[in-house]
Trainee: 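Questions regarding the structure given below will be posed in turn.
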Amino acid sequence: MSIGKGHHLHLIDGSGFIFRAFHALPPLTRKSDGLPVGAVSGFCNMLLKMVEGNTGDDAPTHLAVIFDHSSKTFRNDIYPQYKAQRPPLPEDLRPQIPLTREATRAFGLCCIEQEGWEADDLIATFAVQARDAGARVTIISSDKDLMQLVGGGVEMMDGMKNVRIGPEEVEAKFGVGPEKVVDVQALAGDSVDNVPGAPGIGIKTAALLINEYGDVETLLERAEEIKQPKRRQSLIENAEQIRISKQLVTLEQNVPVEVGIDAMEVQPLEAEKVLPFLAEMEFRTITNRVAEKLGADAPTIDDTPKGSTAGKEPDLPTMDHSAYEIVRDEAALQVWIDRAYERGYVSVDTETTGLDEMRAGLVGVCLAIDPGRACYVPLAHVNGTGDLLGGAERAEGQMDFDRALEMLRPMLEDASILKILQNAKYDLKIFANEGITLTPIDDTMLISYALNAGLHTHGMDALSERYLDHKPIPIKDLIGSGKKQITFDQVKIDEAAPYAAEDADITARLWTTLKPRLAAEHVTTVYETMERPLVPVLAQMERYGIKVNRDHLSRMSNSFAQKMAGLEDEIQKLAGRKFNVGSPKQLGEILFDEMGLEGGKKGKTGAYSTGADVLETLAAQGHDLPARVLDWRQLSKLKSTYTDALQEHIHPETGRVHTSYSIAGANTGRLASTDPNLQNIPVRTEEGRRIREAFIPEEGNTLVSLDYSQIELRILAHIADIPALKQAFRDGLDIHAMTASEMFDVPLDEMTPDVRRQAKAINFGVIYGISAFGLANNLRIPREDAKAFIDRYFERFPGIRQYMDETVAFAKEHKYVETLFGRRIHTPEIGAKGPRAGFANRAAINAPIQGTAADIIRRAMIRVPPAIEAAKLPGRMLLQVHDELLFEVPKDAANDLIETVRDVMENAASPAVHLDVPLTVDGGTGSNWAEAH
DNA sequence: AGAGTCACG
DNA sequence: GACGTACGTGACTCTG
């Protein structure tokens, strides 16, 4: 049924309502776990009123709730300051935002939001579509920006005050009719949204002028005629600003909407959808009211307080592999897509031919609607393994690959359907290969990471066994291992399906179990601001890769090989026999048994230790063999790990190297780079630094490197609250020299490099949870001297000792520590007996510092792509190395890029945290990474 | 598979 | 008083 005459469309301004409910209602938290739900409660009451109150002739036939999607819209391109001064979302409101979406869907209502558009633009578009089709439209909102839409069958209703707003009410407010509202707004401006308007002109004057001249354009053309000098001057001087203001306040009525108004037809309230949601929120009154209205039994609400970690496990149906469906045709797939739309969220998993997203092909897609309801959609399975002549033939019983993706695409890209994944970045990249942008997403791996970093790993198998008490089917059962390993497309569909669908099922179950704990354990903000938004950013960086000069690496490899051969000969001559220089065991025997050198220490395995420190000590005593071995080892390392291995990682089609970042690997919040690790490319030695020369920009471009200066020490100065350090950073002093001066009473202008070096080692030592032994080792000084240094340091900076003690005490009490941004790093080993106690204490001291630095650069990385786009720059972010970001940018835009990114990086802590020390960022450019750094 | 070594922040 | 230690990572090689 198409919308038209006799129909009545209600468009509810969801975002506006949430804010009003949040501020108007007293705070309310869910009894069982403290989750703030006041706004959700107010929102549900409003929805209920909508559903209940609309029974007469005036009842809507169609209804949709519209939400703002993100803050960035075309208006920011026109005017970057638009809504820029808005305070951040209150902490108590943030976790409620997704819940209001859920509430809308639970009430069986159409829930709409769309990337790049404000709710107002969507409302305008739908209102005009419905009006033009001959239907009546009521916009439920009190937002004055929507008043321009009133008239011709469109009216507004203030949902809270229950007041109708027609053309008369609009005129009473603006002094002009609805069609002139934008002109008045353009002149008057709006301080809340940062619309500039004409200074000195308010609504009254604006209305006067518009009534006289008709519209903004005519007014500006004839501005000279205005008698009042102030007004005339303001209009003439601010003409451009007024025109921009009009663009800002004018709602877009032609948004390319993803949902049609026909889909908004009102559905009857379904008890089985709405009651479980209300019960889960623990809204007793509303639950009972709705149950009564529907003639259904009200579900029992269990709101006994749950322990912070011992949340009651949801009752999940048992794993049943035979319940999984294999989807082989369009009709069957459509049923699952419809279910996803009905539910509003869906678990998704992909099966592919390999683990490297840049080379893997999509083999099948799994969907799970709820725990236990999952399917597998085979797409590219083959029979057998193929032969030398070409690929194997396509297996029977699969739907067309492209057709399936075209059917899935709208759902996968639909802003109103949440896609739940385990390790979302992987699937995001696989779908990106097919031109599909998966959004929005939730990631069970990252939910677990936000909750449990430090307690366990966050892979699916580990999470399933831990939280679902279920061991998933091992992939090896299907594809084998070692030489006989096959790829997933060669697995028979009937065998693949239970494994594949199970993964989506497990993901759905993990989400049900873990997601509610985010709010209960107060890490929703961590997840929402530093984990979830990072996924698409990293996916893009990884897919883009960095160009590497193969010839450069190849030449270095050859040169290293020659030098190594020479050293090997020399070493074996010195040893008096042939042996494997790469074998620490053989080397130890040569050095300490055969040559009888002093200092041989056996480790727990009974082998001599031949680490660099041992060899260096021997070399310093004048022994040539260990000195040669050190040289050999350096070359061996550079050759095998870098010049050789890196070449293998150059992608045949892109000519670039595509690393993969693990988001949930490091306990502290740091990223880790793998396959290849691009976070440990040599830089400390001259020889090694030449490897960085192989990392180059595309023709006409340059590499830009921006890195935080001393970020961890700055964070330490802030957290431990050390006035002298904070002041030194504010004054832009050499922090190590200043520390040395303070400790050793040497004036800054008499500082020697060696004294400064010692102070630097102490500064770093503090970050690591200093010990006399560690410092002595590092500086190669007697332990007593190291201890004296540390005592002196604590004496001069007493806050450091206090920070260390307090952090360990906090860890002992809570079994976790926290970064400034609320990231929790669990410290289960704290309080252990024996040598592990020291480890745990130092890790606890280090984690808030390292973790806060990691949080800051994560925040920067999330803000960089939109900032680059807002500045209309062509640059791309390529790599992250803990405190450094590397970019590729056309040469003529390099300076602008540095300016833009530096601003983002230096202000990345704001507004969540105000640091007492400035963050400073150094930038450089070059035709390779060595130059740029 | 684990230990040893060494590259980075 | 002894324990044995700098924090966080990943890749490669040897070895059993």
Side-chain angles (χ1 to χ4, degrees), chain A residues 453-454 579-588 601 603-616 629-630 632-646 648-649 659-662 665-685 687-689 691-692 707-708 710-713 716 761-779 783 786 790 804 807 817 825 827 832-851 853-854 857 879-884 933:
Chain A
F579 73 104
N580 185 347
V581 183
S583 163
K585 184 165 170 274
Q586 294 180 33
L587 176 66
K601 264 216 207 98
K604 37 190 162 214
T605 53
Y608 288 114
S609 167
T610 67
D613 49 343
V614 175
L615 298 189
E616 271 164 28
V629 171
L630 281 169
W632 183 91
R633 277 191 182 166
Q634 195 203 358
L635 294 175
S636 164
K637 179 79 178 182
L638 294 178
K639 182 171 186 294
S640 67
T641 308
Y642 300 105
T643 58
D644 287 351
L646 215 41
E648 306 288 314
H649 282 286
T659 184
S660 180
Y661 290 100
S662 53
N667 289 336
T668 53
R670 271 195 179 181
L671 301 180
S673 161
T674 63
D675 308 300
N677 181 353
L678 294 185
Q679 291 181 320
N680 71 345
I681 302 301
V683 70
R684 290 172 186 172
T685 65
E687 196 109 71
R689 209 159 28 240
I691 289 168
R692 291 199 172 211
D707 68 291
Y708 285 106
Q710 309 285 9
I711 187 166
E712 292 192 352
L713 272 177
L716 173 72
I762 297 173
N763 276 334
F764 278 113
V766 167
I767 291 171
Y768 299 148
I770 201 159
S771 74
F773 184 93
L775 183 66
N777 239 354
N778 187 288
L779 284 176
R783 204 188 307 187
I790 293 169
M804 294 172 74
T807 304
V817 292
I825 297 113
T827 56
K833 293 275 170 267
R836 289 186 308 180
F839 278 115
N841 285 353
R842 289 191 298 271
I845 290 163
N846 174 258
I849 302 168
Q850 188 182 113
I857 198 163
L879 299 178
Q880 187 250 43
V881 193
H882 308 307
D883 63 359
E884 173 190 8
H933 184 77

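Below, read A as the first sequence line, B as the second, and so on, with proteins coming before strands; counting in each chain starts at 1.
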Trainee: Quickly work out the W632(A) CH2 to dC6(B) C1' distance and round it to whole Å.
Mentor: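 From W632(A) CH2 to dC6(B) C1': 12 Å.
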Trainee: Roughly, in whole Å, what's the span from CD1 in I711(A) to C1' in dC7(C)?
Mentor: 16 Å
Trainee: Roughly, in whole Å, what's the span from CG in L678(A) to P in dA11(C)?
Mentor: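 Atom-to-atom, L678(A) to dA11(C), this comes out as 10 Å.
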Trainee: With heavy atoms under 4.0 Å as the rule, sort D883(A) into base, sugar-phosphate or nothing.
Mentor: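 The residue D883(A) makes sugar-phosphate contact but no base contact.
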Trainee: Regarding E884(A), tell me which of base, sugar-phosphate or nothing describes its non-hydrogen contacts under 4.0 Å with the strands shown.
Mentor: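 Nothing: the residue E884(A), judged by heavy atoms under 4.0 Å, touches no strand.
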Trainee: Do R783(A) and dT5(C) share a donor-acceptor pair, side chain to base, under 3.5 Å?
Mentor: yes
Trainee: Would you indicate which nucleotide in dT5(C), dT5(B), dG9(B) comes nearest to any side-chain atom of S771(A)?
Mentor: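 So the nucleotide nearest the side chain must be dT5(C).
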Trainee: For the pair made of CZ in F839(A) and P in dT9(C), what is the distance, rounded to whole Å?
Mentor: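 After rounding, the reported distance stands at 13 Å.
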Trainee: Which part of the nucleic acid, if any, lies within reach of S673(A) when heavy atoms closer than 4.0 Å are counted: base, sugar-phosphate only, or nothing?
Mentor: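 Sugar-phosphate contact only - S673(A) comes under 4.0 Å of backbone atoms but never of a base.
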Trainee: For L615(A) and dT5(B), give me the distance from atom CG to atom P, rounded to whole Å.
Mentor: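 The answer, rounded to whole Å, is 8 Å.
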Trainee: When you measure only distances, ignoring hydrogens and angles, does the side chain of R684(A) come within 3.5 Å of the base of dG9(B) through a donor and an acceptor?
Mentor: yes
Trainee: Can you tell which of dC8(B), dC14(C), dA6(C) lies closest to the side chain of V683(A)?
Mentor: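 Looking only at heavy atoms from C-beta outward on V683(A), the closest nucleotide is dC8(B).
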Trainee: Tell me whether the side-chain N/O atoms of Q586(A) come closer than 4.0 Å to OP1 or OP2 in dT15(C).
Mentor: yes
Trainee: For atom P, what is the distance between dC6(B) and dA6(C), given to the nearest Å?
Mentor: 14 Å
Trainee: Students often get this wrong, so: under 4.0 angstrom with heavy atoms, is A840(A) touching a base, only sugar-phosphate, or nothing?
Mentor: nothing
Trainee: Looking at dT9(C), dT5(B), dA6(C), which one has an atom nearest to any side-chain atom of L775(A)?
Mentor: dA6(C)
Trainee: Between dC12(C), dC8(B), dG8(C), spot the one nearest the side chain of R670(A), thanks.
Mentor: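 Looking only at heavy atoms from C-beta outward on R670(A), the closest nucleotide is dG8(C).
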Trainee: Is any side-chain heavy atom of Q679(A) closer than 4.5 Å to one of L671(A)?
Mentor: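 They are in side-chain contact.
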Trainee: For a quick check of understanding: with a heavy-atom distance under 4.0 Å over all strands, which category does L638(A) fall into, base, sugar-phosphate or nothing?
Mentor: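 Answer is nothing: L638(A) stays at 4.0 Å or more from every strand.
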Trainee: Side chains of Y768(A) and N778(A) only: does a donor on one sit below 3.5 Å from an acceptor on the other?
Mentor: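 Side chains of Y768(A) and N778(A): no pair found under 3.5 Å.
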Trainee: With a 4.0 Å cut-off on heavy atoms, is A612(A) in touch with a base, just the backbone sugar-phosphate, or nothing at all?
Mentor: sugar-phosphate
Trainee: Compare the minimum distances between each of dC8(B), dC12(C), dC6(B) and the side chain of N680(A), then state the nucleotide with the smallest one.
Mentor: dC8(B)
Trainee: Give one of base, sugar-phosphate or nothing for G611(A), where a contact means two heavy atoms less than 4.0 Å apart.
Mentor: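 Result for G611(A) = sugar-phosphate.
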Trainee: Counting just side-chain N and O atoms, does T610(A) come under 4.0 Å of either OP1 or OP2 of dT5(B)?
Mentor: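 The answer is yes; a side-chain N or O of T610(A) sits under 4.0 Å from OP1 or OP2.
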Trainee: As a check on the pairing definition, encode DNA chain C in dot-bracket form, counting Watson-Crick and G-U wobble pairs whose two distances are under 3.5 Å, and using | for partners outside this strand.
Mentor: ......|||||||||.
Trainee: Whether the S771(A) and R783(A) side chains hold a donor-acceptor pair (N or O, under 3.5 Å, no angle test) is what I'd like checked.
Mentor: no
Trainee: Between dT15(C), dA11(C), dA6(C), which nucleotide gets closest to the side-chain atoms of I770(A)?
Mentor: dA6(C)
Trainee: Give one of base, sugar-phosphate or nothing for E712(A), where a contact means two heavy atoms less than 4.0 Å apart.
Mentor: nothing
Trainee: What contact category does F773(A) fall into here, base, sugar-phosphate, or nothing, at under 4.0 angstrom with non-hydrogen atoms?
Mentor: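 Here F773(A) touches the bases of the nucleic acid.
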Trainee: Could you please name the option among dA7(B), dT9(C), dG4(B) that lies closest to any side-chain atom of N667(A)?
Mentor: dT9(C)
Trainee: Within the structure shown, what part of the strands sits under 4.0 Å from A847(A) by heavy-atom distance: base, sugar-phosphate, or nothing?
Mentor: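 The answer is nothing, as A847(A) stays clear of every strand by at least 4.0 Å.
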Trainee: Would you say that T674(A) contacts T659(A) through its side chain, given a criterion of any heavy-atom pair below 4.5 Å between the two side chains?
Mentor: no
Trainee: Can you tell whether the side chains of R670(A) and E712(A) come within less than 4.0 Å, N to carboxylate O?
Mentor: yes
Trainee: Of the listed nucleotides (dT5(C), dC7(C), dC8(B)), which one gets closest to any side-chain atom of N846(A)?
Mentor: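 Looking only at side-chain atoms, N846(A) lies closest to dC7(C).
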Trainee: Taking atom P of dG10(C) as reference, at what distance in whole Å does atom CD of Q880(A) sit?
Mentor: 13 Å
Trainee: What is the distance, rounded to the nearest whole Å, between atom CZ of R692(A) and atom P of dC8(B)?
Mentor: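 Atom CZ in R692(A) sits about 8 Å away from atom P in dC8(B).
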Trainee: Could you work out which one of dC7(C), dC14(C), dG16(C) sits closest to the side chain of K585(A)?
Mentor: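 Minimum distance to the K585(A) side chain belongs to dG16(C).
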Trainee: Tell me whether the OP1 or OP2 atom of dT9(C) has a side-chain N or O from N677(A) closer than 4.0 Å.
Mentor: no
Trainee: Counting heavy atoms from C-beta on, name the nucleotide in dC12(C), dA11(C), dG9(B) closest to the side chain of K637(A).
Mentor: dA11(C)
Trainee: Describe the nucleic acid contact of G769(A) in one word from base, sugar-phosphate, nothing, applying a heavy-atom distance below 4.0 Å.
Mentor: nothing
Trainee: Can you check whether T668(A) has a side-chain N or O nearer than 4.0 Å to OP1 or OP2 of dC7(C)?
Mentor: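 For T668(A), the contact criterion (side-chain N or O under 4.0 Å from OP1 or OP2 of dC7(C)) is not met.
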